[in-house]
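Following: one structure in structure tokens, then a few remarks.
Every chain is numbered from 1, with letters handed out A, B, ... down the list of sequences. All values derive from a computational prediction rather than experimental measurement.
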Amino acid sequence: MIGFYTVMEGVIAFFLIAGGVFAFIGSFGLARLKDFFMRLHGPSKTSTLGVGCVLIASMCYFSLIEGSLSLQGMLITIFLFITAPVSAHLLAKSALHYKLARDPRTLDDIEELKDGEDDEKPNGENGHLP
Amino acid sequence: MIPTQRWLPMPLLSLLLLAMWLLLQQSVSLGQILLGSLLALVIPLITQPFWERQPMLKHPWLLVRYIFRVLGDIIIANLQVSKLILDPRGRMSPAFIEYPLELTEMLPITILASSITLTPGTVSVNLRKDRRTLVIHALNTGDREDTIAQIRERYERPLKEIFEC
Amino acid sequence: MLDNALWISVALFTVSIMLNLYRVAVGPALPDRILALDTMYVNSIALIVLFGIWLNTKTYFEAALLIAMLGFISTVAVCKYLLRGDIIE
């Protein structure tokens, strides 16, 4: 029985530290990388996984000390994994709209970034009113 | 007999609502299940006018396999992106990629765009208005055609199988 | 072992929030700042959950859930504002 507790403790500690390291790398990328579109990669993937790891660790911890399965953390994890891509997509879209500066190495020959192209308001589709 | 479509317009949403209610309440007692089922029946009926028509799920088990594949790829993606971020010389070749979509329904496109954002080195940036092209930003691409082929093989084909045929 | 891991994790998340704060202050364009704020709320969720583990209570899960929802909604609202100049059209 002691063996089981020790193993679980190790698993929880691993998830806690892995989560911290991933979140740190994501924020480090946010602070270090050179243009907005590159910065977007850090937080949208790495930070989300970091917080997911911490939530899994807390789920394991509470399941262990209460002796019953505790799934509430799962709700936050799923919510974060569903919403992170959506907010990243919206942010990227607004950055395209403002035509933010890109890193000179970027291959950016798409029509959204050409001069003179204007993003008009949405028409009646997609539930938006004209 | 009333057709199922009338009083249970979105069975998947109802199931999801019930599961979420039970998770929030942290109990599976009979009362909570009854209350959750009531909410799961009533909420889809009330919100039905807001929803676009949902495509039918043809192969739910393939969806489970797809979710596990994406989860595995998320971990690989994070290791790759971490390596790129921590690379002291910062060698990267970012690029915008135009991805021609084969999917046509809104829900599969949304799932595809989300998976692209969560998996190796790519973020979906813009869906053009004709719903034919998805613009993707990649952190480090060797070859654009290669990336497109990889996404098509790994994510779009399975999604197409799940929802359409 | 768990105690040390908890403290290391808290330290890493605190440093992450500092880095995000740096990007909020410096970030050349508005989307940069919003992205930094978005990351900051995600990191603060983790800090709250860690605090809950430290105090040995599950009450903080609800707070974390609320922050997750409000953070997502506010990010979407601000992005919508940037894109259209209007939130509700």
Any side-chain heavy atom of [X] within less than 4.5 Å of one from [Y]?
X: L40(A); Y: H137(B); value: no
X: L79(B); Y: F22(A); value: yes
X: V123(B); Y: F37(A); value: no

Using 0.5 Å steps for rounding, measure from the CZ atom of R32(A) to the CG atom of L86(B).
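The CZ atom of R32(A) sits 7.5 Å away from the CG atom of L86(B).
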
As an exercise, state the distance from CD1 of I25(A) to CG of L84(B), rounded to the nearest 0.5 Å.
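Reported to 0.5 Å precision, the distance equals 11.5 Å.
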
| Of the non-hydrogen atoms in A92(A) and S124(B), which two are nearest, and what is the gap between them? |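 Reported closest heavy-atom pair: CB-O, 4.4 Å.
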
Practice prompt. Determine the minimum heavy-atom distance between L118(B) and F81(A), stating which atoms define it.
Written response: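 Residues L118(B) and F81(A), closest heavy atoms: CD1-O, 3.8 Å.
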
query: Side chain, backbone, both or neither: which part of L22(B) has an atom under 4.5 Å from a heavy atom of chain A?
result: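 Neither; nothing under 4.5 Å.
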
Which bit of A19(B) comes within less than 4.5 Å of chain A, counting heavy atoms only: side chain, backbone, both or neither?
->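 Neither part.
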
Checklist entry - Would the number of heavy atoms belonging to other residues, nucleotides or ligands and lying under 6.0 Å from CE of M74(A) be above 12? => result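 No, CE of M74(A) has 12 or fewer neighbouring heavy atoms, counting only those of other groups under 6.0 Å.
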
Query raised in the report: Who wins among N78(B), T117(B), T133(B), T110(B) for the most heavy-atom pairs under 4.5 Å with chain A?
Result: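 Max contact count across the listed options: N78(B).
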
- Query: Quick one: which residues of residues 45-58 of chain A reach chain B at under 4.5 angstrom, heavy atoms only?
  - Reply: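 Expected list: K45(A), T46(A), L49(A).
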
